[in-house]
Amino acid sequence: MEKREQLYTGKAKTVYATDEPDHLILHFRNDTSAFDGEKVAQLDRKGRVNNRFNAFIMERLAEAGIPTHFERLLGDEEALVKRLEMLPVECVVRNYAAGSLCRRLGVEEGLALEPPVFEFFLKNDALHDPMINESHIRTFRWATDDEVVEMKDLSLRINGILTRLFADAGLLLVDFKLEFGRFHGRLLLGDEFSPDGCRLWDAETRTRLDKDRFRQGLGGVVEAYEEVARRLGIPLD
Ligand code: ADP
Ligand code: UDP
């Protein structure tokens, strides 16, 4: 397998083609952004931590029967994945109220959500990723009805698996975002799962150990990601 041309430069990752049409390389950069790219910074070691973190989570999910794009780690900041036709929607699952849910509905941060809330957002930075529903997805053909059902089902199954995994490490999985894509007619989990795209709080103190540290200017961002990795037993060297 050989690395070929750069296909896409996102806010946090660069995507490369390979000599195999069904495979891509994801390069996790140190770039960090928030508020639709308004706040940006370079955070030492973040690419490496997120690459390892994502590999660990994708492997745990695959073991639990979730179909994912992840193939293998290629180095400190890169991973080999299956090339997907990404669906332009983001799936968010919430176990505790935080972020945009609090702003939208006026609920108190930290409120336990039972059952968990599931939401779709349109992946479109220029429009600030607006919330959408199944009717929009059907009308605008962003996914088929079967894919909508499958994205919800997989997202909630992933929530069950990861809530337990993080609980064993003394962490609350507050909320997270997933992206899915098509691979030869099958729907697979794509993109990444890392503290950049989820909220994780210490179960006892509710200390934020995720990207909210960057959004809120709390400092110690990568140190918090490393703390989570250490608790999960993810090797970082
Ligand atoms: P953004 O596009 O939001 O700035 P990133 O910097 O993380 O995000 O860029 C990674 C891009 O690669 C995202 O647009 C994501 O949808 C896409 N992507 C992730 N996994 C795959 C995959 N397996 N196949 C094709 N595209 C993917
Ligand atoms: N999220 C993400 N990418 C996005 C939007 C949200 O990874 O473009 C994640 C975010 O980190 C959080 C969850 O999805 O874990 C819910 O985010 P929310 O809707 O509360 O938006 P926020 O207030 O974080 O912008």
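Just follow the structure's listing: the first ligand is 1, and inside any ligand the first atom is 1.
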Looking only at heavy atoms, is any part of Arg215 under 4.0 Å from ligand 2, and if so is it the side chain, the backbone, or both, or is it neither?
side chain
Taking atom 12 (O) of ligand 1 as the reference point, the nearest protein heavy atom with its distance:
Val15 CG2, 3.6 Å
Part of Lys82 with heavy atoms under 4.0 Å of ligand 1, whether side chain, backbone, both or neither:
backbone
Any chance you could measure Leu105, atom CG, to Arg103, atom CZ, to the nearest 0.5 Å?
11.0 Å
Are Arg164 and Phe166 in a cation-pi setup, meaning NZ or CZ lies under 6.0 angstrom from the ring centre and within 45 degrees of the ring axis?
no
Report yes if Glu192 has an N/O atom closer than 3.5 Å to an N/O atom of ligand 1; otherwise report no.
no
Which atoms from ligand 1 have a heavy atom of Lys123 less than 4.0 Å away?
1 (P), 2 (O), 3 (O), 14 (O), 16 (O)
May I ask you to list the atoms of ligand 2 that are less than 4.0 angstrom from any heavy atom of Cys198?
11 (O), 15 (O)
Under 4.0 Å, heavy atoms only, figure out whether ligand 1 is touched by the backbone of Thr14, its side chain, both or neither.
neither
Give a yes or no on whether Glu108 atom CD has more than 12 heavy-atom contacts from other residues, nucleotides or ligands under 6.0 Å away.
no
Atom 20 (O) of ligand 2 [closest protein heavy-atom partner, distance rounded to 0.1 Å]
Ser100 N, 2.8 Å
For Ala12 and ligand 1, answer yes if some heavy atom of the residue is under 4.0 Å from a ligand atom, otherwise no.
yes
Counting from 1, what ligand 2 atoms have a heavy atom of Asp129 closer than 4.0 Å?
8 (O)
For Glu38, is the CD atom crowded, meaning more than 12 foreign heavy atoms sit under 6.0 Å from it?
no
Parallel, tilted or perpendicular: which fits the ring planes of His136 and Phe140, with parallel below 30° and perpendicular above 60°?
parallel
Does the residue Glu85 have a heavy-atom contact with ligand 1, meaning some pair of atoms that are separated by less than 4.0 Å?
no
Only heavy atoms of Val81, strictly under 4.0 Å: list the atoms of ligand 1 that pass.
23 (N)
Any sub-3.5 Å donor-acceptor pair from Arg29's side-chain atoms to Lys11's backbone N or O?
yes
For atom 4 (O) of ligand 1, what's the nearest protein heavy-atom neighbour? Residue, atom name and distance, please.
Lys11 N, 2.7 Å
Just by modelled atom types, is the Arg208 backbone N or O under 3.5 Å from a matching donor or acceptor in the Arg213 side chain?
yes
Whether Asp36 lies under 4.0 Å from ligand 2, heavy atom
no
Please determine if Lys177 and Asp129 form a salt bridge, counting it only when a charged side-chain N lies under 4.0 Å from a carboxylate O.
no
For Glu90, counting its heavy atoms only, list the atoms of ligand 2 lying under 4.0 Å from any of them.
4 (C), 5 (C), 8 (O)
Check each atom of ligand 2 against the heavy atoms of Arg94 and keep those under 4.0 Å away; list them by number with element.
16 (C), 18 (P), 19 (O), 20 (O)
For ligand 2, which atoms sit closer than 4.0 Å to a heavy atom of Gly99?
20 (O), 23 (O)
Side chain proximity check, Pro67 to Leu189, heavy atoms < 4.5 angstrom
no
Hey, can you tell me if Phe193 and Phe53 have their rings parallel, tilted or perpendicular (30° and 60° cut-offs)?
parallel
Check: of Lys177, Glu192, Glu119, min heavy-atom distance to atom 1 (N) of ligand 2 comes from Lys177
For atom 12 (C) of ligand 2, what's the nearest protein heavy-atom neighbour? Residue, atom name and distance, please.
Asp175 OD1, 3.2 Å
Got a sec: does the CZ of Arg72 have more than 12 other heavy atoms crowding it under 6.0 Å?
no
The protein heavy atom nearest to atom 7 (O) of ligand 1 is Lys13 NZ, 2.5 Å
Around atom 15 (C) of ligand 1, find the nearest protein heavy atom and jot down its residue, atom name and distance.
Asp191 OD1, 3.4 Å
If you scan protein heavy atoms around atom 25 (O) of ligand 2, the nearest is Arg103 NH2, 4.0 Å
Any idea which protein heavy atom is nearest atom 24 (N) of ligand 1, and the distance to it?
Leu84 N, 3.0 Å
Surrounding CZ of Arg104 (heavy atoms of other residues, nucleotides or ligands, distance under 6.0 Å), is the total greater than 12?
yes
Under 3.5 Å side-chain donor-acceptor pair for Asp44 and Asn30:
no
Residue and atom name of the nearest protein heavy atom (relative to atom 26 (N) of ligand 1), distance in Å to one decimal
Met86 CG, 3.4 Å
Pairs of nitrogen or oxygen atoms closer than 3.5 Å, one from Arg104 and one from ligand 2: do any exist?
no
For atom 16 (O) of ligand 1, the closest protein heavy atom turns out to be Glu179 OE1, 2.8 Å
Residue, atom and distance of the protein heavy atom nearest atom 11 (C) of ligand 1 read Tyr8 CE2, 3.5 Å
Check this for me: does any side-chain nitrogen of one of Lys46 and Asp31 sit under 4.0 Å from a carboxylate oxygen of the other?
no
Under a 4.0 Å threshold between the charged nitrogen and the carboxylate oxygen, would Arg45 count as salt-bridged to Glu226?
yes
Would you compute the distance between atom CZ of Phe180 and atom NZ of Lys152 and round it to the nearest 0.5 angstrom?
12.5 Å
Between the candidates Arg199, Lys11, Lys123, which shows the shortest non-hydrogen contact distance to atom 16 (C) of ligand 2?
Arg199
Are Glu192 and Asn50 side-chain neighbours, meaning at least one heavy-atom pair lies under 4.5 Å?
yes
I need the contact type for Asp212 against ligand 2. Using non-hydrogen atoms and a strict under-4.0 Å cut-off, is it side chain, backbone, both or neither?
neither
